[in-house]
Amino acid sequence: MTITIRTSQRATKSRGLSARWRSLRMLAAVALVGGALAGCTGEQFQKGYILPPGALEQIPIGASQDQVLIVMGTPSTVATLDGEVFYYISQRSERMVAFMNQKVVDQRVIAIYFDKNRRVRRLANYGLQDGKIFDFISRTTATSGQEMSYLAPLFKLLSFN
């Protein structure tokens, strides 16, 4: 009888060890799958100009062109529309999973208009709202004209997706 008890104790010990190995293997598999899924999380991409926080508040109407260059840096492009205009262009996109295509989340064109004396005449922060070019500072939609004919191709160029 003592042999039978020892044999059943050994069987119980081996079952306990095998249950531990199974739980360790399961834990390792869960960690491996979790690590693989963590590598597939979404990403955000910023292209073009990154607006420093509070930069537009540092540029009052009437500020000099040199002051704008100090605060904002070199513009993405410059145009001459009834004076000079500095354009700072940016685009933010994201993708939910690492292998998917990027989706454009936000596009902005910051325009700083100067008068003939190279002083700030007007500030605009253009973006798309409801599919139309919208100025987030004056809260107005751009209308047709010389300014609109310059902004529309910029947004089409940014929207290459």
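One-based numbering along the sequence shown.
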> Is there a side-chain contact (heavy atoms from CB on, under 4.5 Å) between I89 and R108 once you walk through the steps?
Replying inline: CA-CA 6 Å; I89 304 167; R108 294 296 171 118; over 6 Å; no

> Parallel under 30°, tilted from 30 to 60°, perpendicular over 60°: which one fits the rings of Y87 and Y113?
Replying inline: perpendicular

>> Test of understanding: with side chain to side chain donor-acceptor pair (under 3.5 Å), list the residues that count as partners of R118, not counting sequence neighbours.
In response: Q65

> Can you name the closest pair of heavy atoms from P75 and Y88 and give their distance?
Replying inline: CA-CE2, 3.3 Å

Distance-only check: which donor-acceptor pairs under 3.5 Å involve side-chain atoms of residues 55-64, not counting sequence neighbours?
from : atom 1 : to  : atom 2 : distance (Å)
S64  : OG     : Q67 : N      : 3.1

> By side-chain contact (heavy atoms from CB on, under 4.5 Å), which residues pair with Q44, not counting sequence neighbours?
Replying inline: R92, E94

>> side-chain contact (heavy atoms from CB on, under 4.5 Å) for R121 and F114? Distances and angles first, verdict last.
In response: CA-CA 5 Å; R121 177 174 43 114; F114 297 96; 6.0 Å; no

> What distance do R95 atom CZ and F45 atom CZ have between them, rounded to the nearest 0.5 Å?
Replying inline: 4.0 Å

> Residues in side-chain contact (heavy atoms from CB on, under 4.5 Å) with P53, at least two apart?
Replying inline: none

>> Measuring only between side-chain heavy atoms, which start at C-beta, is Q102 closer than 4.5 Å to M96?
In response: no

>> I'd like to know if L69 and L51 are part of one continuous hydrophobic network [Ile/Leu/Val/Met/Phe/Trp/Tyr, side-chain heavy atoms within less than 4.5 Å].
In response: yes

>> Between V78 and M72, is there shared hydrophobic-cluster membership here, with clusters defined by ILVMFWY side-chain heavy atoms closer than 4.5 Å?
In response: yes

> For V85 and I112, what are the C-alpha separation, side-chain angles and deciding distance, and is it a side-chain contact (heavy atoms from CB on, under 4.5 Å)?
Replying inline: CA-CA 6 Å; V85 184; I112 302 175; over 6 Å; no

>> The test is side-chain contact (heavy atoms from CB on, under 4.5 Å); show your working for S90 and Q46 and say whether it passes.
In response: CA-CA 7 Å; S90 68; Q46 177 75 37; 3.6 Å; yes

> Just by distance, do the side chain of Y49 and the backbone of I110 share a donor-acceptor pair under 3.5 Å?
Replying inline: no

>> Can you list everything that forms a side-chain contact (heavy atoms from CB on, under 4.5 Å) with N117? Sequence neighbours excluded, please.
In response: D115, R119

